[in-house]
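All remarks here apply to the structure that follows.
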Amino acid sequence: MKYLHTMVRITDIDASLDFYCDKLGLVEVRRRESPQGRFTLIFLAAPGQEGIAELELTYNWDPETYGEGRNFGHLAFRVDDIYATCQKLMDAGITINRPPRDGHMAFVRSPDNISIELLQRDGSLPAQEPWASMPNTGKW
């Protein structure tokens with residue numbers, strides 16, 4: 001058995017690619033459009049993870065309202081520097097819903113309210129401000 005991908009439904013391709021690619025740093029691996037099925041599939045991966053662990057964005061051409069589906073859980077990505085990553089996301093206008101107070105873990109949400117967990121590579125960094133005292137914002 002081999003893990004292939006996680007699928008999330010999206011409502012806006014441009015907003016989703018801006019979040020996942022431009023801000024989070026994933027790359028588009030491939031795209032498939034199905035006029036008969038009226039959907040577009042876009043596969044993304046962290047650089048170097050193409051074909052290993054991918055994220056499938058499913059865009060249904062006919063508008064549909066999706067619930068948050070908190071039972072889905074979250075996507076998780078390991079990062080080299082959690083503080084630098086969170087600062088970069090904040091500078092890009094992304095809310096840090098659960099700040100990395102412990103130097104190890106943070107959560108943000110995609111434009112479609114998918115929870116994204118960010119984990120510090122190789123354990124935790126020493127706690128530092130403003131992160132250590134930053135409160136949670138919204139749901140994560």
Side-chain angles (χ1 to χ4, degrees):
M1 185 178 303
K2 176 185 173 188
Y3 172 80
L4 296 177
H5 64 264
T6 297
M7 183 275 275
V8 295
R9 290 179 179 87
I10 62 171
T11 56
D12 183 321
I13 289 175
D14 292 335
S16 294
L17 291 178
D18 176 66
F19 175 79
Y20 288 107
C21 295
D22 297 340
K23 294 180 176 132
L24 203 53
L26 302 182
V27 295
E28 185 172 331
V29 175
R30 65 188 174 283
R31 187 182 292 223
R32 181 177 146 236
E33 297 206 357
S34 174
Q36 300 80 11
R38 300 189 49 73
F39 62 83
T40 300
L41 303 179
I42 304 168
F43 289 85
L44 309 176
Q49 294 293 299
E50 300 87 345
I52 298 170
E54 297 179 348
L55 173 61
E56 173 190 327
L57 304 180
T58 297
Y59 175 74
N60 292 307
W61 299 358
D62 300 315
E64 184 178 341
T65 302
Y66 303 115
E68 286 188 38
R70 290 289 290 165
N71 61 339
F72 165 78
H74 61 268
L75 303 173
F77 296 95
R78 183 173 51 218
V79 299
D80 290 329
D81 183 327
I82 196 152
Y83 297 130
T85 300
C86 287
Q87 188 62 58
K88 176 183 168 193
L89 291 170
M90 279 182 58
D91 291 348
I94 303 298
T95 299
I96 308 300
N97 300 98
R98 195 281 191 190
R101 290 185 290 273
D102 54 5
H104 176 69
M105 175 183 68
F107 276 88
V108 297
R109 295 187 94 182
S110 77
D112 292 293
N113 289 317
I114 302 296
S115 291
I116 310 291
E117 180 181 26
L118 304 171
L119 294 167
Q120 173 62 42
R121 178 182 306 275
D122 301 325
S124 299
L125 296 177
Q128 60 181 257
E129 294 298 338
W131 310 106
S133 59
M134 189 179 289
N136 291 341
T137 303
K139 294 188 254 177
W140 46 278

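For the single chain, residues carry numbers from 1 onward in sequence order. On a predicted model such as this, the values are computed, not experimentally measured, just so you know.
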remark   = Sorted by chain and number, sequence neighbours left out, side-chain hydrogen bond (donor to acceptor under 3.5 Å, both in side chains) with Asn97 holds for none

message = Run the side-chain hydrogen bond (donor to acceptor under 3.5 Å, both in side chains) test against Gln87 and tell me which residues pass, sequence neighbours left out.
response = Asp91

Sequence-distant partners of Phe43, ring pair (Phe, Tyr, Trp, His ring centres under 6.0 Å), two or more places apart = His5

task = Say whether, by atom type as modelled, one donor and one acceptor occur between the side chain of Asp112 and the main chain of Thr11 under 3.5 angstrom.
result = yes

Shared hydrophobic cluster for Leu24 and Val29 (ILVMFWY, side-chain gaps under 4.5 Å) = no

ask   = What residues, two or more places apart in sequence or in another chain, satisfy salt bridge (Lys or Arg N to Asp or Glu O under 4.0 Å) together with Arg78?
value = none

key: hydrophobic_cluster_shared for Val27 and Phe19, side chain cutoff 4.5 Å   = no

request  = Would you mind reporting whether Leu26 and Phe77 have side-chain heavy atoms less than 4.5 Å apart?
outcome  = yes

Test item: Leu75 and Ser115 side chains (from C-beta on) under 4.5 Å apart, heavy atoms = no

ask   = Taking only residues two or more places apart in sequence, or in another chain, which ones meet Thr85 in a side-chain contact (heavy atoms from CB on, under 4.5 Å)?
value = Val79, Leu89, Leu118

ask   = What pair of heavy atoms forms the shortest contact from Gln120 to Asp80, and how long is it?
value = NE2-O, 2.8 Å

query = Listed by chain and number, what are the salt bridge (Lys or Arg N to Asp or Glu O under 4.0 Å) partners of Arg98, not counting sequence neighbours?
reply = Asp102

ask   = Does any pair with a residue in residues 47-57 pass salt bridge (charged side-chain N to carboxylate O under 4.0 Å, His left out), and if so which ones, sequence neighbours excluded?
value = Arg30-Glu54

message = Quick check: do Tyr20 and Ile116 have side-chain heavy atoms less than 4.5 Å from each other?
response = yes

message = I need the Leu55 CG to Met7 CE distance, nearest 0.5 Å.
response = 10.5 Å

message = I'd like to check the salt bridge (Lys or Arg N to Asp or Glu O under 4.0 Å) partners of Arg9; sequence neighbours left out, ordered by chain and number.
response = none

query = Does any non-hydrogen side-chain atom of Ile82 lie less than 4.5 Å from one of His104?
reply = no

ask   = With a 4.5 Å heavy-atom cut-off, do Ile10 and Ile114 have their side chains touching?
value = no

message = Could you check whether any side-chain heavy atom of Tyr59 comes within less than 4.5 Å of a side-chain heavy atom of Leu57, counting everything from C-beta outward?
response = no

note = Minimal heavy-atom distance between Ala106 and Pro99, with the atoms involved, is CB-C, 4.2 Å

key: Joint hydrophobic cluster, Leu119 plus Ile52, side-chain heavy atoms closer than 4.5 Å   = no

message = Test of understanding: with side-chain contact (heavy atoms from CB on, under 4.5 Å), list the residues that count as partners of Thr137, not counting sequence neighbours.
response = Thr95

Distance-only donor-acceptor pairs under 3.5 Å for side chains of residues 123-135, two or more places apart:
| residue | atom | partner | partner atom | Å |
| --- | --- | --- | --- | --- |
| Glu129 | OE1 | Ser133 | N | 3.4 |
| Glu129 | OE1 | Ser133 | OG | 2.6 |

key: Of all pairs that satisfy salt bridge (charged side-chain N to carboxylate O under 4.0 Å, His left out), the ones with a partner from residues 11-21, not counting sequence neighbours   = Asp18-Lys23

query = Got a sec, which pairs hit salt bridge (charged side-chain N to carboxylate O under 4.0 Å, His left out) with one end in residues 33-49, sequence neighbours left out?
reply = Arg38-Asp62

ask   = Do you know which two heavy atoms are closest between Cys86 and Ile96, and how far apart they sit?
value = O-CD1, 3.7 Å

